[in-house]
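These figures come from a predicted structure and were not determined experimentally. If you read the sequence from its start, that first residue is 1, and numbering goes on from there.
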Amino acid sequence: MITTGIEPDGQTQIVEVKIDTGVWINSVDNPEMFSVSGYLGNGAKTVYQSVALAAGNHTVTVRCIDSDIESSSPEVMRTFTVLPPLFETITANETHVKAIHIQMLRTAVNTVRSYYNLSQVTWSEEIVAGKSTIKNWPFHITELRKAIESVITIVNSFDSSSTFDIPPITWLPIGTGRPKADVMQQIQDLILEL
C-alpha cells in the first residue's frame, strides 16, 4: 500500500518499487502490478502486488520519480518477512480439527491485524487442548471471521481501484458438532491471501 507524497511543482509522479536487489518496477511500464497505475498525482493511493516471494527476510524500497524532470524522491525502505506455510492441511474426513488449529488461526489473525495496524483481538475464551468444549467451536469461528473482516475492509478501502481487492466472501456454513475441515481451510486460505 503506497501513498504518493506532494510534488512541489505539481507534476505527476511515477511510483517505483524494488524488492531486495531486484530491478525497479514502475507504475507506468508495469501497470499490471499496481492497482492504480500510470502517472500519479499528489497523495494518490496505489497497491503494489509483487510476484510471489520465497520464505525469508526481504526489503522493499519505494520512491517516486517526477514525470517532468525525472528527479527522484528520497527512498523509503522497509523490511518484512515471508513466513513458510504455517498451517497443517486440514482434509475433510481425515484431519481431526484440534485446539492447536484454532490457536494457530488466532495467532495468524492477530499477526495480520498487527501488520495492518489494527489492535490485537482479545478472544472471548481461552482454548485449552483436552479441556475446551466442541460446543463452543461455532463461536470461535465467528470470532475469527469478524477479526478478518475488518482487515478486508481496510485492504479494500485503501485506494479507488478494486484491482487487488479481496473478493466478497461467502462464508461456508459452520454447522454443529465437530469442527468442519472446509470451514477451517477457508479461513486458512483467506489469511494467506491477506
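Of the possible donor and acceptor atoms, none in the side chain of R63 sits under 3.5 Å from a partner among the backbone N and O of V17. In this structure a side-chain-to-backbone donor-acceptor pair under 3.5 Å is present from S150 to A147. A donor-acceptor pair under 3.5 Å links the side-chain atoms of S161 to the main chain of T163, judged by distance alone. N156 contributes no side-chain N or O that, together with a main-chain N or O of D165, makes up a donor-acceptor pair within less than 3.5 Å. A donor-acceptor pair is defined here as one N or O able to donate and one able to accept, closer than 3.5 Å; such a pair exists between the side chain of T46 and the backbone of V36. Under a 3.5 Å cut-off, the side chain of E7 and the backbone N or O of Q13 do not form any donor-acceptor pair. Checking side-chain atoms of T79 against main-chain N and O of H58 turns up no donor-acceptor pair under 3.5 Å. Under the 3.5 Å distance criterion, the side-chain polar atoms of N26 are matched with a main-chain donor or acceptor of D29. Side chain of N110 to backbone of Q120: no donor-acceptor contact under 3.5 angstrom is found. At least one donor-acceptor pair closer than 3.5 Å links the side chain of D9 to the backbone N or O of Q11.
Between T3 and F158 there is a side-chain heavy-atom pair separated by less than 4.5 Å. Looking at H140 and L105, their side chains never come closer than 4.5 Å, going by heavy atoms from C-beta outward. Between I14 and W24 the shortest side-chain heavy-atom distance does not fall below 4.5 Å. Looking at heavy atoms from C-beta onward, K45 lies out of side-chain contact with I2 at the 4.5 angstrom threshold.
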| Does the salt bridge (Lys or Arg N to Asp or Glu O under 4.0 Å) test come out yes or no for E143 and R106, once each step is laid out? | CA-CA 9 Å; E143 271 188 319; R106 284 178 166 184; 3.5 Å; yes
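Of the N and O atoms on the side chains of W171 and E149, at least one donor lies less than 3.5 Å from an acceptor on the other residue. Under 3.5 Å, the side chains of T61 and R78 contain no donor-acceptor pair of N or O atoms. Between the side chains of D159 and S35, a donor-acceptor pair is found at a separation under 3.5 Å. No hydrogens or angles considered: nothing links the side chains of D66 and S71 as a donor-acceptor pair under 3.5 Å. Side chain to side chain, T12 and S67 meet the donor-acceptor criterion of an N or O pair below 3.5 Å.
We find the OG1-CD1 distance between T142 and I174 to be 3.5 Å, quoted to the nearest 0.5 Å. I127 CD1 to I102 CD1: the interatomic distance, rounded to the nearest 0.5 Å, is 6.0 Å.
Scored by the salt bridge (charged side-chain N to carboxylate O under 4.0 Å, His left out) test, E125 finds no partners at all (sequence neighbours excluded).
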For residues 187-194, which side-chain donor-acceptor pairs fall under 3.5 Å, sequence neighbours excluded?
unit_1	atom_1	unit_2	atom_2	d
Q188	OE1	Q185	NE2	3.3
Q188	NE2	E88	O	3.4
D189	OD1	Q185	NE2	3.1

